[in-house]
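As structure tokens, the structure follows; a few thoughts come after it.
Letters A, B, ... are given to chains in the order of the sequence lines, protein chains preceding strands, and every chain is numbered from 1. Keep in mind that what you see is a predicted model, and the values were worked out from it rather than measured.
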2 protein chains.
Amino acid sequence: MDRTARHSETRYGNRPTMKDVAARAGVGLKTVSRVVNSEPGVTPDTERRVQEAIEALGFRRNDSARVLRKGRTASIGLVLEDLADPFYGPLSRAVEEVARAHGALLINGSSAEDPEREQELVLALCARRVDGLIVIPAGDDHRYLEPEIKAGIATVFVDRPAGHVDVDMVLSDSFGGSREGVAHLIAHGHRRIGFIGDQPRIHTATERLRGYHAAMADAGITVADGWVSLGSTEPERVRMAVEEMLSGPEPVTAMFAGNNRVTVTVVRVLAERERPVALVGFDDIELADLLGITVISQDAAAVGRTAAEHLFRRLDGADHATARVELPTTLIPRGSGELPPA
Amino acid sequence: MDRTARHSETRYGNRPTMKDVAARAGVGLKTVSRVVNSEPGVTPDTERRVQEAIEALGFRRNDSARVLRKGRTASIGLVLEDLADPFYGPLSRAVEEVARAHGALLINGSSAEDPEREQELVLALCARRVDGLIVIPAGDDHRYLEPEIKAGIATVFVDRPAGHVDVDMVLSDSFGGSREGVAHLIAHGHRRIGFIGDQPRIHTATERLRGYHAAMADAGITVADGWVSLGSTEPERVRMAVEEMLSGPEPVTAMFAGNNRVTVTVVRVLAERERPVALVGFDDIELADLLGITVISQDAAAVGRTAAEHLFRRLDGADHATARVELPTTLIPRGSGELPPA
DNA sequence: CATTCTGTTGACAACGTTGTCCAGGGCCTA
DNA sequence: TAGGCCCTGGACAACGTTGTCAACAGAATG
């Protein structure tokens, strides 16, 4: 087995190259390139011959080589927490649409809320020289991105702020939304209100908790021990937290759920109970309308679209100071948040 | 502006290359390559010097060049219908996990159920020389893939079969699941049962309809005009179809919904009605348990995992005949499918 | 001391494409 | 017919990496 043959095995299964096409069409290499890229300066007759050769050989341009030469990959990376989370589906889709409009492909990965995995993913994307990055951070220190950003990889952080690097951010108004939701419960007569949120490591979790405290303080209510529970969003954990808040001599009469996964579990637990408990959840959920769940809704698609548009504006050369956009949330009353205290 | 400077603008923002690292560390190019790839045969001292230079310059290997040289991209493409669809989130995530276990990245795109866009996406992925492809097809003719497959891009079709090409497929048992669901309704006393499904162009839609017809025939029921409606899954369209089936002198007493999006709309419409109508839906939905919706469930994550595992087995050299896996579905009774005829 | 062996290192070509630049032919004009 | 221009086409280098191979130093062996 000679060297050429050995090579071809590990390569792209012996795909024809422009050189092959050129040989078959009886033209020069560059002429093929011109045809493939629809560049001017090729007579119709030559072009036809080249096209025929392309067809016959099943040639397809090797974008890896192209990228190496041109320096742009026409792809962007999206690092999020979990593609399976219903919040990220629409976000991801919105990013994809914008990318498509700019002729770019989307490479994505899930960090599973693990800072190390986030970094690993981000750096892998940088090694591929994606033109830009959209990151929903899991960790809170992103200094590892500095050389990459300096080297020109446009970056936008989404949903949570970046730690120790100066980049564009697109966030939801977690504090304001949460404050509004809790105030809504207070307005309906509640004073003993529980808060169940995500892990305190996560920025949105603490922001939402801050909103809760602000609303309670606004109403002059002292938050009792045991009304606040932060931790994993595992159903087990949330279930225990809910049950604890509902037991004891002075159970809460209303709850605020810190994100969609928490809300789902809380709804399930409350459904098993007799005494009605008011509930407002952060993030909308499919079918929440039918279940009558009052929520603070953030428009995931709008978040994704905004982030992607910022990114491409950077890629198109905008070099103004880094921006921090905060998108408003909406309270959607559907019943669960308007229940009076039991 | 001289040529070098002009170039550097369009390139990766003047990122340092191995050559730069080599110069700074006072070693040869290949030695840097060895260090970067943890190849043996470098003394600790040399390695340290190289590492320092890498740190100092913020070097990161350019995977585009690497890919060009090695012929493997360590990435796979996933083409699905809509990332925002809750069915595809877990599927996509499962694919990603398998890819990650094999050290590959995932590039994905949505076809939006448009065959042309599907082809465009698939070919773009092939041009990037992804190692493998997982496709949820929108169209029904995939001969355009032939040269690609011949050239060695491993391909697995998911959820719907491929048209006119011989590739691995991982499907759900649409026919069987649908038949079981409709039989379930019949067992609960229904005879006038409506079917609302996706566009007939889509294979699963017709398979599910076939299951419906089979169950009806098994029970000796003649399907009346107006009990079957195939078309877009737009809420408007579905709503009209439901309302039509529920009006008239002999309205249906039960409905079978052909997929999750249809189910959601049907549930909404039925919720507005007084007379209860039984319902079984294909695909599970979050919170369906709380709403008491009986469904035929297919495990999206299992589908994705299976497909990805098949793909990587191919990439690892398996060259047995193409396989066609059909995963079973499960009926989950939750109330809506057990309602008696009104 | 000559020889072989082992292990480290670097020079060089190649991967497939695109940018630059030049050659040659046809056409127009003087 | 000579001179100039435009148009088409091709030769060649370069992108940043990795595989191959040879050179070299030092250790081990005769």
Tell me: [atom1] of [X] to [atom2] of [N], nearest whole Å?
X     : N      : atom1 : atom2 : answer
B/R48 : C/dT9  : CZ    : C1'   : 17 Å
A/D63 : C/dG16 : CG    : P     : 14 Å
A/K70 : C/dT18 : NZ    : C1'   : 7 Å
A/D45 : C/dG25 : CG    : P     : 18 Å
A/D20 : C/dG16 : CG    : P     : 8 Å
A/L29 : C/dT18 : CG    : C1'   : 9 Å
B/M18 : C/dT9  : CE    : C1'   : 15 Å
A/E39 : D/dG10 : CD    : C1'   : 14 Å

Any [X] side-chain N or O less than 4.0 Å from OP1/OP2 of [N]:
X     : N      : answer
B/R69 : C/dA14 : no
B/T46 : C/dT8  : no
B/S33 : D/dT18 : yes
B/S64 : D/dC15 : no
B/K19 : D/dC15 : no
B/R15 : D/dG16 : no
A/N62 : C/dC15 : no
B/R61 : D/dT18 : yes
B/T31 : C/dG10 : yes
A/K30 : C/dC21 : no

**Atom CD of B/E39 with >12 non-hydrogen neighbours under 6.0 angstrom** =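 Count over threshold, so yes.
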
**Prompt:** Should we count CG of A/D141 as having more than 12 external heavy atoms under 6.0 Å?
**Reply:**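 Atom CG in A/D141 is crowded, with more than 12 foreign heavy atoms closer than 6.0 Å.
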
**Prompt:** Between B/G26 and A/R34, which is nearer to the 5' end of DNA chain C once each is assigned its nearest nucleotide?
**Reply:**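 It is B/G26 whose nearest nucleotide is closer to the 5' end.
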
**Request:** Looking only at side-chain atoms of B/V42, point me to the closest of D/dC15, C/dT18, C/dT9.
**Result:**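 Among the listed nucleotides, the one closest to the side chain of B/V42 is C/dT9.
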
**Message:** Side chain of B/T17 only, heavy atoms from C-beta on: which candidate in D/dT17, D/dT18, C/dT9 is closest?
**Reply:**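 Of the candidates, D/dT17 comes closest.
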
**Message:** In the structure I gave you, are the side-chain heavy atoms of B/L83 and A/L83 within less than 4.5 Å of one another anywhere?
**Reply:**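 Result yes, sub-4.5 Å side-chain heavy-atom pair found.
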
**Message:** Assess whether a salt bridge exists between A/R60 and B/E148, defined as any Lys/Arg side-chain N lying under 4.0 Å from an Asp/Glu carboxylate O.
**Reply:**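 So A/R60 pairs with B/E148 through a salt bridge.
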
**Prompt:** Does the pair A/E52/A/R48 count as a salt bridge with the N-to-O cut at 4.0 Å?
**Reply:**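 Salt bridge present between A/E52 and A/R48.
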
**Message:** What's B/V27 touching, base or sugar-phosphate or nothing? Going by heavy atoms closer than 4.0 Å.
**Reply:**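 Touches sugar-phosphate only.
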
**Message:** Testing A/D319, A/D168, A/D131 one by one against A/R314 for a salt bridge (charged side-chain N to carboxylate O under 4.0 Å, His left out), which residue passes?
**Reply:**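 Passing option: A/D168.
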
